[in-house]
Amino acid sequence: MVASKTTILTENDILNSLQEVMDPEIPVLSVVDLGIIEDIIINDDSVTVMMLPTFTACPAIKIMQAQIREKVMSLGYSDVEVRVDDSTAWHSDRMTEEGKQKLEAFGLGTPLRHGGEFDLNAIENSKCPHCLSANTTMNSLFGSTLCRSMHYCFDCRQGFERFKPL
């Protein structure tokens, strides 16, 4: 769908198009599934997208900003700004259930909903994305990125990373 003088796109139209913008670190997960799109403001021919970083020092922020801007511009908007909103903290409860299913299919363990209350137990105990067993252990609190931890499944004997509850 391309915006024109006769086509008026809604925030929902833009949000749906952002389903095609994938997290560069987890290429099966869109920025929408990740829950980092905080707001979309349309004002005539300009669009401002507010995005939340999963971590302040996330190395993928600039890449995602550029990809989001490019995608919205492809809809016909000439003035697109993608702002990082540091005033609201991202948390793993913002991830969609569909996004969590995509993570498991990708081989990553998923965070449980926590409503803002969790402890180290919630991070340590994880379901294996390969065999769905809970007979697992955490090997390291930190994985290949800050938002992941390293685990091992005693049943299928596979190591896996898990997206941490945050």
Side-chain angles (χ1 to χ4, degrees), residues 1 10-40 49-72 74-75 82 84-85 88-166:
M1 183 183 314
T10 66
E11 291 176 32
N12 211 32
D13 294 327
I14 293 173
L15 193 63
N16 286 336
S17 74
L18 292 178
Q19 287 280 7
E20 298 173 16
V21 177
M22 308 314 267
D23 180 327
E25 294 174 343
I26 309 169
V28 297
L29 197 62
S30 77
V31 295
V32 175
D33 286 330
L34 189 54
I36 66 169
I37 303 300
E38 175 68 5
D39 197 10
I40 298 170
V49 178
M50 303 298 290
M51 70 175 277
L52 305 176
T54 55
F55 281 92
T56 302
C58 176
I61 290 173
K62 294 286 185 198
I63 295 167
M64 287 188 285
Q65 274 183 290
Q67 290 174 338
I68 291 167
R69 183 175 186 276
E70 184 179 308
K71 183 62 181 175
V72 176
S74 77
L75 299 174
V82 182
V84 176
D85 181 1
T88 304
W90 177 89
H91 51 84
S92 56
D93 282 357
R94 293 181 61 103
M95 292 176 68
T96 66
E97 289 305 314
E98 183 179 340
K100 289 181 179 184
Q101 291 171 1
K102 290 175 184 177
L103 281 178
E104 282 188 345
F106 187 64
L108 286 174
T110 60
L112 300 174
R113 293 222 177 267
H114 55 75
E117 294 187 28
F118 62 92
D119 57 18
L120 188 56
N121 248 359
I123 297 172
E124 287 178 340
N125 298 319
S126 181
K127 179 177 73 170
C128 175
H130 305 293
C131 72
L132 307 181
S133 170
N135 187 17
T136 65
T137 188
M138 182 176 70
N139 291 344
S140 174
L141 185 56
F142 298 100
S144 61
T145 63
L146 292 173
C147 57
R148 300 182 200 177
S149 52
M150 300 293 295
H151 298 260
Y152 178 78
C153 178
F154 292 107
D155 289 344
C156 72
R157 298 182 182 187
Q158 297 228 25
F160 63 95
E161 285 188 299
R162 177 189 189 204
F163 206 98
K164 290 188 252 184
L166 303 169

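Nothing fancy with the numbering, it's 1 onward along the sequence.
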Salt bridge (Lys or Arg N to Asp or Glu O under 4.0 Å): which pairs involve residues 20-38, sequence neighbours left out?
-> Glu20-Lys71, Asp33-Lys102, Glu38-Arg94
Report yes if some heavy atom in the side chain of Phe160 is under 4.5 Å from a heavy atom in the side chain of Cys128; otherwise report no.
-> yes
So do Phe154 and Asn135 actually touch side chain to side chain, heavy atoms under 4.5 Å?
-> yes
Okay, side chain of Gln65, backbone of Val82: is any donor-acceptor separation there less than 3.5 Å?
-> yes
Write out all pairs satisfying salt bridge (Lys or Arg N to Asp or Glu O under 4.0 Å) with one or both partners inside residues 146-162, taking only residues at least two apart or from two chains.
-> Arg148-Glu161
Can you find a pair of side-chain heavy atoms, one from Thr136 and one from Asn125, that are under 4.5 Å apart?
-> no
Given side chains that start at C-beta, do those of Met51 and Met64 come closer than 4.5 Å, heavy atoms only?
-> yes
Can you find a heavy atom in the side chain of Val21 that is under 4.5 Å from one in the side chain of Ser30?
-> no
Non-hydrogen side-chain atoms of Ile61 and Phe55 separated by less than 4.5 Å | no
What do the steps show when you test Leu103 against Met95 for side-chain contact (heavy atoms from CB on, under 4.5 Å), and what is the final call?
-> CA-CA 10 Å; Leu103 281 178; Met95 292 176 68; 3.0 Å; yes
Restricting to pairs with a member in residues 131-142, which pass salt bridge (Lys or Arg N to Asp or Glu O under 4.0 Å), not counting sequence neighbours?
-> none
Starting from the C-alpha separation in whole Å, work towards a yes-or-no answer on side-chain contact (heavy atoms from CB on, under 4.5 Å) for Thr137 and Tyr152.
-> CA-CA 5 Å; Thr137 188; Tyr152 178 78; 4.1 Å; yes
